[in-house]
There are 2 protein chains.
Amino acid sequence: MTLAPQANRLAFRSFDEAVAALRERGMRLSTARRLALEALFAAERPVSAEWIAERLKIELTSVYRNLEALERNGIVRHVHLGHGPGLYLLVGEGEREYLYCERCGSAQALEPEQLDPVREQIRERFGHRARFTHFPIVGTCAACQVAGGA
Amino acid sequence: MTLAPQANRLAFRSFDEAVAALRERGMRLSTARRLALEALFAAERPVSAEWIAERLKIELTSVYRNLEALERNGIVRHVHLGHGPGLYLLVGEGEREYLYCERCGSAQALEPEQLDPVREQIRERFGHRARFTHFPIVGTCAACQVAGGA
DNA sequence: TACCAATCGTGAATCGTTTGCAGTAGCCAT
DNA sequence: ATGGCTACTGCAAACGATTCACGATTGGTA
């Protein structure tokens with residue numbers, strides 16, 4: 001029941017760089033894989049496997065297999081906001097972390113540095129090195145606090 | 001895809017108090033439900049629906065139904081540590097929050113106050129009111145940092 | 001003690017994800 | 001270019017976690 005292993009982090013911002021990274025790992029660039037990668041670049045937000053499969057007419061199975069392979073190789077990762085399917089995104093787009101509002105379902109993406117002070121505090125108090133990349137910080141967003149009163 | 005609604009929090013520490021809370025909500029105390037509640041009190045840690053069903057020889061379906069009803073009524077809640085099934089626990093035992101180590105799979109329970117400064121900091125910076133009751137704070141525990149070097 | 005809704009057990013459906021298998025197609029080396 | 005090795009594909013079926021539909025029970029109340 002361990003979470004996704006922490007593959008060495010890559011950094012790329014273009015499709016070509018992602019392909020290069022993939023090649024370095026000895027992976028092939030099949031049609032399905034290319035399409036999936038392109039879709040992830042186009043999406044610019046975490047998307048589900050099903051979203052990719054439907055939109056590209058690729059077998060869902062194949063999408064999962066590709067996402068898993070890409071994740072194993074540190075090119076892709078996934079997050080769980082709320083319940084529902086895991087959402088995939090490119091590692092190269094940054095190690096963004098999320099604030100998820102359980103009231104309205106919105107997710108606010110943060111650059112890692114923004115949470116560093118929080119991380120620091122947790123580390124000091126509990127010795128635990130925290131990452132909010134896999135699960136978001138769940139709670140109530142500012143707007144919903146005003147709206148709902150809680 | 002919203003998370004479990006925030007039912008009004010109850011506070012009880014004994015089985016009888018839990019039953020009283022349940023009665024107040026117009027719920028019956030069926031055999032299966034009583035057994036499930038007793039099991040939760042006995043467990044003193046988050047447990048899966050399957051764990052309860054197996055140990056008590058209650059239909060898994062019934063366990064899920066009861067946990068869901070109890071959760072809707074604010075008597076029980078569940079957490080997701082890592083992947084795997086949701087883990088249920090009594091709300092009355094406190095709003096404990098968890099630090100989960102993705103390396104060794106251990107979970108450290110914290111009393112809510114212990115995380116209040118962290119919460120405060122998040123609130124100041126992002127306006128977000130954070131709760132770590134549904135998803136834990138994932139990362140690397142102190143022991144694993146020493147052992148593994150990362 | 002009889003009633004009626006809440007709850008039960010059984011079984012089947014659903015959702016998200018993984019696996020097995022036989023065929024196909026990237027990539028590399030001639 | 002051509003051929004071969006093997007990573008990959010689609011299809012189908014299995015999977016774990018959870019939910020739903022049903023008619024049979026049973027807990028609480030009158």
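These numbers come from a predicted model, not from an experiment. Below, chain A is the first sequence line, B the second, and so on; all start at residue 1.
In this model, the phosphate group of C/dA6 is not approached by any side-chain N or O of B/Asn66 to a distance below 4.0 Å at OP1 or OP2. Close to D/dG10, at under 4.0 Å from its OP1 or OP2, lies no side-chain N or O of A/Thr61. In this model, the phosphate group of D/dG27 is approached by a side-chain N or O of B/Thr31 to a distance below 4.0 Å at OP1 or OP2. Within the 4.0 Å cut-off from OP1 or OP2 of C/dA25, not a single side-chain nitrogen or oxygen of A/Ser30 is found. The side chain of A/Arg28 places no N or O atom within less than 4.0 Å of a non-bridging phosphate oxygen (OP1 or OP2) of C/dA25.
Nucleic acid contact for B/Ser48: none, since no nucleic acid atom lies under 4.0 Å from a heavy atom of the residue. Residue B/Glu50 is classed as a sugar-phosphate contact, given heavy-atom separations below 4.0 Å to backbone atoms only. Residue A/Arg65 is in base contact, counting any heavy-atom pair closer than 4.0 Å across all strands shown. Within 4.0 Å (heavy atoms only), B/Gly26 reaches no atom of the nucleic acid at all. Nucleic acid contact for A/Leu60: base, since at least one base atom lies under 4.0 Å from a heavy atom of the residue.
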Nucleotide pairing, DNA chain D (Watson-Crick or G-U, distances under 3.5 Å), in dot-bracket with [ ] and |: ||||||||||||||.||.||||||||||||

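B/Ile52 and B/Leu90 fall within a single hydrophobic cluster, where Ile, Leu, Val, Met, Phe, Trp and Tyr are joined by side-chain heavy atoms under 4.5 Å apart, directly or via other members. Cluster membership check: A/Ile58 shares its hydrophobic cluster with A/Ile75, using side-chain heavy-atom separations under 4.5 Å among Ile, Leu, Val, Met, Phe, Trp and Tyr.
The nearest whole Å value for the distance from the CG atom in A/Leu56 to the P atom in D/dG10 is 11 Å. In this entry the distance linking CG of A/Leu22 with P of C/dG26 reads 14 Å, nearest Å. Atom-to-atom, NZ of A/Lys57 to C1' of D/dT9 comes out at 18 Å; the value is rounded to the nearest Å. When the C1' atom of C/dT14 is taken as reference, atom OH of B/Tyr64 falls 13 Å away, rounded to whole Å. At whole-Å resolution of the value, CD1 in B/Ile52 and C1' in D/dT18 are 14 Å apart. Between the CD atom of A/Glu71 and the C1' atom of C/dT17 there is a distance of 13 Å, given to the nearest Å. Distance CZ (A/Arg34) to C1' (D/dC8): 14 Å, rounded to an integer number of Å. The nearest whole Å value for the distance from the CG atom in B/Leu70 to the P atom in C/dC8 is 10 Å.
When distances are taken from the side chain of A/Glu59 to each of C/dG16, D/dT19, D/dG10, the shortest belongs to D/dG10. Among the nucleotides D/dT9, D/dA17, C/dC8, the one closest to the side chain of A/Arg33 is D/dT9. Each of C/dC27, D/dT18, D/dT9 was ranked by its minimum atom distance to the side chain of A/Ala32; first place goes to D/dT9.
Mapped onto DNA chain D by nearest heavy atom, B/Arg23 and A/Met27 fall at different nucleotides, with A/Met27 at the one closer to the 5' end. When each of B/Ala69 and A/Leu29 is assigned the nucleotide of DNA chain C with its nearest heavy atom, B/Ala69 is the one assigned upstream, toward the 5' end.
Using modelled atom types and a 3.5 Å distance limit, the side chains of B/Arg123 and A/Gln145 yield a donor-acceptor pair. Between the side chains of A/His83 and B/His80, at least one donor N or O sits under 3.5 Å from an acceptor N or O. With no hydrogens or angles considered, no side-chain donor-acceptor pair links A/Arg28 and A/Ser30 at under 3.5 Å. A/Glu71 and A/His78 share a donor-acceptor pair across their side chains, judged by distance under 3.5 Å alone.
To the nearest 0.5 Å, atoms CG (A/Leu22) and CZ (A/Arg33) are separated by 6.0 Å. Between the CZ atom in B/Arg129 and the CD1 atom in A/Ile137 there is a gap of 15.0 Å [rounded to 0.5 Å].
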